[in-house]
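Letters A, B, ... are given to chains in the order of the sequence lines, protein chains preceding strands, and every chain is numbered from 1. As the structure is a computational prediction, the values presented were derived from the model and not from experiment.
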2 protein chains.
Amino acid sequence: MTTGAGQAAPGRGSGAGLSRSQVLDAGMEILETEGIDGLTIRGLAGKLGVAATAIYWHVGDKHALLDGLAERVIGELGAVSVRGRDPVTRISSVARSLRATLLERPDLVALVHRQGRIAALFQPARRVLVRELTAAGVDGASAALAVQAVLNLVIGSVLLDRQVERQPTQRETPEELWSIADAPDAPELLEHLSHPIDEEELFDYTLAAVVRAVVQP
Amino acid sequence: MTTGAGQAAPGRGSGAGLSRSQVLDAGMEILETEGIDGLTIRGLAGKLGVAATAIYWHVGDKHALLDGLAERVIGELGAVSVRGRDPVTRISSVARSLRATLLERPDLVALVHRQGRIAALFQPARRVLVRELTAAGVDGASAALAVQAVLNLVIGSVLLDRQVERQPTQRETPEELWSIADAPDAPELLEHLSHPIDEEELFDYTLAAVVRAVVQP
DNA sequence: ACCTGAACACCGTTCAAGT
DNA sequence: ACCTGAACACCGTTCAAGT
């Protein structure tokens with residue numbers, strides 16, 4: 001009733017009756033095995049043993065289907081854990097745990113992003129971060145800003161994960177990308193530039209810089 | 001010859017002969033007017049007055065077409081400008097100018113992201129940042145890390161632009177999202193949380209924190 | 001070398017019709 | 001209320017055939 005087409009909750013199945021949640025269950029399964037391109041109305045209906053048009057009755061069109069699935073992902077992946085004693089540790093732990101969770105399902109996060117529901121995905125983390133920042137003595141406009149800064153770091157890190165190296169069909173090796181002219185008299189830097197960076201190290205580095213700036217202004 | 005299917009460069013048009021670059025030109029036009037979902041092989045062929053199969057000859061299949069278009073975007077949007085005297089100002093100006101350029105065409109950036117070519121898009125900026133950091137006395141592993149940290153901020157900011165508020169079909173108003181329990185005794189914070197944040201201010205805030213951490217370790 | 005036409009195997013969506 | 005079948009208007013892609 002929140003988003004779908006069916007105006008009344010189907011109730012507990014009257015025999016062989018299909019329900020909205022059963023459709024979303026099956027959709028979720030296809031999404032995780034075949035990927036988002038493998039999820040089709042017809043394929044979903046086939047998996048459920050009904051005509052394609054039955055999907056329209058229970059969840060609406062494809063956009064509504066994706067919205068419903070995004071909502072599930074939000075419920076499943078939005079949770080965060082906090083640990084540590086001082087504010088800096090606790091805030092960092094929220095960011096790191098959320099990042100770790102989301103990195104296990106990058107395609108599901110991409111779906112939420114595609115549906116424009118990232119804000120909803122982050123709402124639990126936002127609440128926790130607000131609490132921690134308040135406890136650390138930060139509030140007002142700078143607290144609101146700080147929360148979003150930390151969360152942007154997380155989602156940016158997840159959306160860009162594994163993006164860095166995928167150079168399709170191109171033979172641009174790192175050796176070609178960087179020449180001695182780019183870093184004269186700095187062979188060590190050149191060496192580091194030509195190797196893929198450790199994404200977790202990068203995240204921790206940036207996070208530390210931001211959290212430090214947030215807590216001690 | 002870099003990516004496409006045609007093995008020899010078509011040369012200058014022999015009369016009515018179609019060329020790879022003409023196809024990409026038309027593709028680019030459709031991309032900017034109709035969006036990525038409006039770009040189809042058949043529609044592209046129709047615009048050029050040829051059969052759909054002619055596209056396959058010149059650029060290959062749809063993936064190759066999108067790759068070719070991404071390559072164009074990389075060439076057009078990758079450039080950066082540097083201004084300012086001190087390192088902090090110059091590094092920040094690179095990040096801000098790149099962000100501003102990319103924000104004008106978020107859908108084109110999304111295409112580059114989709115095709116896994118973000119690294120290529122950022123290569124010019126990387127070169128400039130490496131130079132500036134070296135001049136500022138930063139090098140080795142921390143310079144490589146710092147460059148990527150700044151660039152991740154930029155792309156994250158662009159990919160998330162306008163994502164924050166899009167709450168589709170849902171009636172979750174900010175008033176419902178946040179209750180007094182989330183920020184007890186802090187009405188000012190609550191006020192800020194319920195309003196959409198200024199994305200540019202957020203970017204500048206985070207960028208300043210990172211650049212500061214980078215230049216003065 | 002370059003392009004067409006026909007064909008195949010898919011899509012999402014609508015709508016009248018059934019029970 | 002719930003579901004089917006047929007139909008429409010699309011897709012991307014392959015392949016034999018033309019010039």
Side-chain angles (χ1 to χ4, degrees), chain A residues 1 3-27 30-31 34-70 111 114-115 168-169, chain B residues 1 3-27 30-31 34-70 111 114-115 168-169:
Chain A
M1 68 191 69
T3 326
Q7 43 274 59
R12 44 261 134 75
S14 56
L18 199 58
S19 73
R20 173 179 158 89
S21 73
Q22 282 174 57
V23 174
L24 291 179
D25 282 345
I30 295 179
L31 197 62
E34 319 284 331
I36 191 159
D37 288 331
L39 177 64
T40 67
I41 299 269
R42 289 172 126 103
L44 177 56
K47 186 188 177 80
L48 289 164
V50 298
T53 46
I55 305 297
Y56 286 82
W57 173 259
H58 287 286
V59 299
D61 66 6
K62 182 134 196 202
H63 184 81
L65 171 64
L66 294 178
D67 258 5
L69 293 175
L111 169 66
R114 228 175 85 119
Q115 298 301 110
T169 338
Chain B
M1 68 190 67
T3 327
Q7 44 272 58
R12 42 261 137 70
S14 57
L18 199 58
S19 73
R20 174 180 157 87
S21 72
Q22 282 173 57
V23 174
L24 291 179
D25 282 345
I30 295 178
L31 198 61
E34 318 283 332
I36 192 160
D37 289 332
L39 176 64
T40 69
I41 300 269
R42 288 171 127 102
L44 177 56
K47 186 189 179 78
L48 289 164
V50 298
T53 47
I55 305 297
Y56 286 82
W57 173 261
H58 288 285
V59 299
D61 65 7
K62 182 132 195 202
H63 184 81
L65 171 64
L66 294 178
D67 258 5
L69 293 175
L111 169 65
R114 227 175 86 121
Q115 299 301 110
T169 337

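- Dashed line: the shortest gap from a side-chain N or O of His58(A) to OP1 or OP2 of dA1(D) is not under 4.0 Å.
- With contacts defined as side-chain heavy-atom distances shorter than 4.5 Å, the pair Val59(A)/Asp67(A) does not qualify.
- With contacts defined as side-chain heavy-atom distances shorter than 4.5 Å, the pair Leu39(A)/Leu65(A) qualifies.
- Against DNA chain C, the stretch residues 46-54 of chain B makes heavy-atom approaches under 4.0 Å through Val50(B), Ala51(B), Thr53(B), Ala54(B).
- Between the CG atom of Leu18(B) and the P atom of dC3(C) there is a distance of 6 Å, given to the nearest Å.
- When the C1' atom of dT14(C) is taken as reference, atom CD1 of Ile55(A) falls 16 Å away, rounded to whole Å.
- Within the structure, salt bridge (Lys or Arg N to Asp or Glu O under 4.0 Å) pairs that include any residue of residues 53-66 of chain A do not occur (at least two apart or interchain).
- Taking atom CD1 on Ile41(A) and atom P on dA9(D), their separation rounds to 20 Å, with Å as the unit.
- In this structure, the side chain to side chain donor-acceptor pair (under 3.5 Å) partners of Asp25(B), at least two apart in sequence or on a different chain, are Arg72(B).
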**Prompt:** Tell me, what's DNA chain C's dot-bracket, Watson-Crick or G-U with both distances under 3.5 Å, | for other-strand, [ ] crossing?
**Reply:** ||.|||||...|||||.||

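- Separation of atoms NE2 (His58(A)) and CG (Leu18(A)) is listed at 4.0 Å; rounding is to 0.5 Å.
- With P as the reference atom, dA9(C) and dA9(D) are 22 Å apart, rounded to whole Å.
- Here the straight-line distance linking atom CD1 of Ile30(A) with atom CD1 of Ile36(A) works out to 12.0 Å at 0.5 Å rounding.
- Atom P of nucleotide dT4(C) and atom CZ of Arg42(B) are separated by 14 Å, given to the nearest angstrom.
- With sequence neighbours excluded, the residues forming a side chain to side chain donor-acceptor pair (under 3.5 Å) with Lys47(B) are Glu29(B), listed by chain and number.
- For the side chain to side chain donor-acceptor pair (under 3.5 Å) test, residues two or more places apart in sequence or in another chain that qualify with Ser21(B) are Ser19(B).
- Between the C1' atom of dC10(D) and the CG atom of Leu39(B) lies a distance of 15 Å, rounded to the nearest Å.
- Taking atom CH2 of Trp57(B) as the reference point, atom C1' of dG5(C) lies 18 Å away to the nearest angstrom.
- A straight line from CG of Leu44(B) to C1' of dC10(D) spans 16 Å, rounded to a whole angstrom.
- Distance from the side chain of Lys62(B) is smallest for dG12(D) among the nucleotides dG12(C), dG12(D), dC3(D).
- Rounded to an integer number of Å, the gap from NE2 of His63(A) to P of dC11(C) is 21 Å.
- Rounded to the nearest 0.5 Å, atoms CD1 (Ile41(B)) and CD1 (Ile55(B)) are 6.5 Å apart.
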